Asker: 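Shown below is the structure under consideration.
Keep in mind it's a predicted model, so treat the numbers as computed, not measured. By convention in this document, chain letters (A, B, ...) are assigned in the order of the sequence lines, proteins followed by strands, and residues within each chain are numbered from 1.
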Amino acid sequence: MSTHETTVTDGRSHSVSDPILEIRNAEVVFEMDRGVSRVLDNVSLDIQRGEILGIVGESGSGKSMLASSTLDAVVEPGVLSGSVTYYPEEGDPVDVLELSDSELRQLRWEEIAMVFQGAMSSFNPTMKIRDHFEETLEAHNYSLSEGMSRAHELLSDLYLDSERVLDSYPHELSGGMQQRTLIALSVILEPNVLVMDEPTAALDLLMQRSIISLLEELKEKYDLTMMFITHDLPLVAELADRLAVMYAFELIEQGTTEEMLQNAGHPYTRALLNSTPNLDAPLEEMRPIPGSAPDPVAVPDGCSYHPRCPLATDQCVATDPPSEPVTESHLIDCHHWEESIESIPLNHQKEATTRTTDEERNPMDHQNQMEGER
Amino acid sequence: MNWWVKRTGQALFTIWAVVTITFVLIRGLPGDPGDRIREQAQRHNPDMSQAALERLIEARIPASYDDPVHVAYWEYLTSVMRGDLGYSTFRRAEVAPEIASVLPWTVLIMSLSTALMFAIGLGLGALMAYKEGSRFDTAMTGASIFFNSIPYYVAAVLLIAFLGYRLSVFPARGTHSDATDPGLSAHFIFDALYHATLPTLSFVITGFGIIALTMRGNSIQTLGEEYIRVAKLRGIPDRRIALRYVGRNAILPMWTTLLISIGFMFGGAIILEEIFQYRGMGWLMFRSIEHNDIYLMMGTFLIVTIAVVIALWIADATYGWLDPRIKSGDDSESY
Amino acid sequence: MTVNRTDEPSDDEPGSGDAGSRFDGSALFDRDTDGTDREYRADGGQSAGGGQMFSDSEFTDVTMGQRLSEVFYQSIYEPFVVAWEDWRTKVGLSIISLYLLLGAVAWVSTSEFLILDRITIIEPARGDGPIRLAPFQDWSYPLGTDMIGRDLLAAMIHATPRMLQMILAGAVFATVVATVVGTLAGYKGGITERALMTIADVLMTIPGLPLVIVLIVLIDPSSPYLIGIIIVVNAWAGLARTIHSQVLTIREHSYVEASRTMGIGTPTIIRKDLLPNLMPYILINFTSMARRVIYDSVALYFLGVISVNTIENWGVMMNIGYENNALIIPEVSHLLFVPMVFVVGLSFGLILFSQGTDRLFNPRVRARGSGSTKSKDDEEITTGGGAL
């Protein structure tokens, strides 16, 4: 468990060497009848230029809020505070939350674009796909002819019949086609960062797979930085360079994919890994996490995971654990991470030591086994 | 294309069905028609002379009454198709041309009212949705409900009383002033519109509310759609979002309301025209009832119905063109 | 008798986001269902409803009483609690109740039934007062009198029972026919469906009022019930169509599928699964049918299409006012305006009521109004899973 790359930390204490996006103390608050609801709680995160960052969390853990925050696009009446800084390749850093409306309009889609879950609902049902592309280009004063030829290319890259797709209405496309079209639409202005919120949630397994591999191709070809948000840990583990786990509107652990799979320190991350269905693991070893995610209005004091945590102590009830850098890239928000690693065994590691066949089964397993053998 | 054939077939079928219903109504009522008419006439007007009664019975019972049903039906069907709707004893003329001469007036107030009602309702509804929860929204919601709960003929009576008689701002009666000659002169058109003001207002005042409320609901729903949010993030200008995204998608479901209101307003026109003594279809229908002129009455009924069928057919055809989802999909829900 | 129930409170975890306002119904209405501790959410939340629907299609031995109370609970009580939160429902229902009260007063006053014979709260209007008295002048005739000295208030009140009979007949007829036709067509499918829906389509296209006028002239009815029914003679078609498409939607739902595979017959499915779900919708259409009967009957009386001599009616009084030039002569204008106020009042009550209950069908409007935050992160709760 020692093969993490060393990162160069500058004065601003980044967990990555060359951040393209830097989120500091981001907080989203809703005023509700029942009280104040904090749906994003003091999240700090860096995204490395050119990487694929996976954000994993249960439903209602605040991961969609985090996605919206990167574009300062939190839905009303939510209020976002903290800071989001965008570092263009050239030029000065941009403070996203301080931008004027027109500057924000420029940042969105030209620099940072977003793919939403549920592609069908992201298109205007009474407008042809072509109009969606054209109006986007026009709204940003891009050349229409150049843009449209790029649209054709993008759609073809995504294995779509571009001419047919452009002349269709959204409802005439299948779910997978819609999702790919939406991805093409989000990179039409050649953004540097692509934030994806559960882009594969509504699709079947085969389609999920193919979209994942298409995304990898797209990333290489267009030099994209991706933030991939999902509840599906195995899916993103295949794709991502780094992983971050959210629980109860907070970021509780982040690190390289290797570190997170092999040396996860937070009891929640470990439980998450163990709850993952795995063909190799006997069913009785698959454990759902007992309890349920907290209500945004009444997040427990101290460590928000303590009501469900087997290792919780008085300290966890009393104080919220700070982010502890285990390595330069691996941050854990847990008082007892060392104990956690020792006392909560990971199913896939047990397996990896007992079994060495079936390497083709799953890339993640494959990777795990490689790690185990090393 | 298939959808078109189907829809047109349905319209023709409806017209046939209505012609048949008319025939059944004229002919198929139980009991001896002569007795029924006599009894009814005496109840309404006990002083009617015997001779007048006989004339009335003669007028109301078609000559073909003694024919077997299928012969009479075929005769009726073919004559209607030729445009022969019978002879009006009261107007002392063929029914069809009589109706043709008054139909344009009904169509005029109908289309004026529909256009105004929807223009005001849609605009107001969209505005209320954009300002959801504001004092304006609450006030307009209340006003819409209140005005909507006034029957259109009550509004008509009030308008006549205040704007017509007390203030004498608008004419309370008729389609045009006697002094003006019908024709395509600007003067005549203005005069006709001037006379149509109060009937139109009666519809608009009492009808815009429900449209505004429906539009408000639809717009609020559309504003909450994901694609609006995505469009905003894509930097689409607000104006385009309001028209092309919110407007269009919120208005489309209103097509049903339009369809229903066409039929409703044709029906309502009959009552309004009587109140305003507006010489349209409704006025003619009431005269026919007054004079027990059954052919004229059934003729107006038939024509009004056919007019509605055609209006609905046009509206439906347009809907397929407005909403891409209808054409390619099945024809299931155009209503 | 044991009852298998699966409808345990389906989401009682303390932290489940929308714990909102809950209503513990078991104490009030659910005594006879063997004490199952159910919770009903006053906001009609989907998840609780989902659980219950399932229990309904379950093949269980339930007594008639239990089933009735369950149907009552699901289709009337729960929606009612939701609707009641809206001010429009409260005001609307109060107005409607006021009219029912007026009707009851008039009925008791004229009834010859046993003891009621002796009770007369308000005398039927007789021509024994001053002539053409304006409203609010003499408090023995609060709303004034007509040309022959009849008390307008008494005349108004005594017209109410007939009006209510007419409304009831029309609304019941239309909703029952529409529900039967709509559910039958939607569930049977095939030729039945096509035939019924074609009939509905044709009737729907025929403009209602002209047809009603023609029928009334030809039939010349005098019973208020018959008049009510004639007025909605084709109005049910639109409702039947809507119910039909609702049934089609519900038919897709898995729980109906489930009951079907369990071998439960169509009538049972319609009765136990479809109707309870459609009930709120039908209730609302009931009010719009009622409004239609009011509008059209008053109009027809007003214009003298229905014989004026037979029945007292608000429209008849408007007719009397109109014939006596109430439009032009301010002194008698109350003859026209007093009945108008009664008509508009009842219509206003019905509209408010249906606007208030509208939120039952428009959950989106409801969610936006109550400032709920849980719109985005609402995917099903799965932790990991899937991609293997």
Asker: What part of Met265(B) is in contact with chain C, defined as an atom under 4.5 angstrom from a non-hydrogen atom: side chain, backbone, both or neither?
Answerer: neither

Asker: Would you mind checking which part of Ile271(B) comes under 4.5 Å of any heavy atom in chain C, side chain (CB onward), backbone (N, CA, C, O), both or neither?
Answerer: both

Asker: Out of Val309(B), Thr14(B), Val304(B), which one racks up the most heavy-atom pairs below 4.5 Å with chain C?
Answerer: Thr14(B)

Asker: Sort Ile306(B) into side chain, backbone, both or neither according to what part of it lies under 4.5 angstrom from a heavy atom of chain C.
Answerer: neither

Asker: Could you tell me which of Ile210(B), Ile15(B), Thr305(B) has the largest number of non-hydrogen atom pairs under 4.5 Å with chain C?
Answerer: Thr305(B)

Asker: For the CG atom on Leu167(B), are there more than 12 heavy atoms of other groups (residues, nucleotides or ligands in this structure) within a distance under 6.0 Å?
Answerer: yes

Asker: Determine the minimum heavy-atom distance between Phe302(C) and Ile275(B), stating which atoms define it.
Answerer: CE2-CD1, 3.7 Å

Asker: Between chain C and each of Phe286(B), Tyr152(B), Phe266(B), count heavy-atom pairs under 4.5 Å; write down the option with the most.
Answerer: Phe286(B)

Asker: Specify the closest pair of heavy atoms between Ile294(C) and Tyr153(B), including all atoms of both residues, with the distance to one decimal.
Answerer: O-OH, 3.9 Å

Asker: How many angstroms lie between atom CG of Leu352(C) and atom CZ of Phe146(B), to the nearest 0.5 angstrom?
Answerer: 11.0 Å

Asker: If you count heavy-atom pairs under 4.5 Å between each of Ala161(B), Pro151(B), Gly267(B) and chain C, which one has the most?
Answerer: Pro151(B)

Asker: Quick one: what part of Ile289(B) sits under 4.5 Å from any heavy atom of chain C, side chain, backbone, both or neither?
Answerer: side chain

Asker: Checking side-chain contact (heavy atoms from CB on, under 4.5 Å) for the pair Arg88(C)/Thr141(B): CA distance, chi angles, key distance, verdict?
Answerer: CA-CA 11 Å; Arg88(C) 291 173 295 190; Thr141(B) 303; 4.2 Å; yes

Asker: First locate atom CD1 of Ile206(C), then atom CD1 of Ile21(B), and finally report the distance between them rounded to the nearest 0.5 Å.
Answerer: 4.0 Å

Asker: As an exercise, state the distance from CD1 of Ile310(B) to OG1 of Thr205(C), rounded to the nearest 0.5 Å.
Answerer: 12.5 Å

Asker: Non-hydrogen atoms of chain C under 4.5 Å away: do they reach the side chain of Thr300(B), the backbone, both or neither?
Answerer: neither

Asker: Quick one: pull up CZ in Phe301(B) and CD1 in Ile213(C) and give me the separation to the nearest 0.5 Å.
Answerer: 10.5 Å

Asker: Sort out for me which of Val157(B), Thr22(B), Val18(B) touches chain C most, counting heavy-atom pairs under 4.5 Å.
Answerer: Val157(B)

Asker: Would you give the length of the straight line joining atom OH of Tyr295(C) to atom OG1 of Thr206(B), rounded to the nearest 0.5 angstrom?
Answerer: 6.5 Å

Asker: Looking at Val308(B), Ile270(B), Ile145(B), which one has more heavy-atom pairs under 4.5 Å with chain C than the rest?
Answerer: Ile145(B)

Asker: Relative to chain B, which of Val343(C), Leu300(C), Val298(C) shows the most heavy atom pairs under 4.5 Å?
Answerer: Val298(C)

Asker: Can you measure from CG (Asn148(B)) to CD1 (Ile351(C)) and round to the nearest 0.5 angstrom?
Answerer: 4.0 Å

Asker: Does any part of the side chain of Leu158(B), heavy atoms only, come nearer than 4.5 Å to the side chain of Met340(C), both counted from C-beta?
Answerer: yes

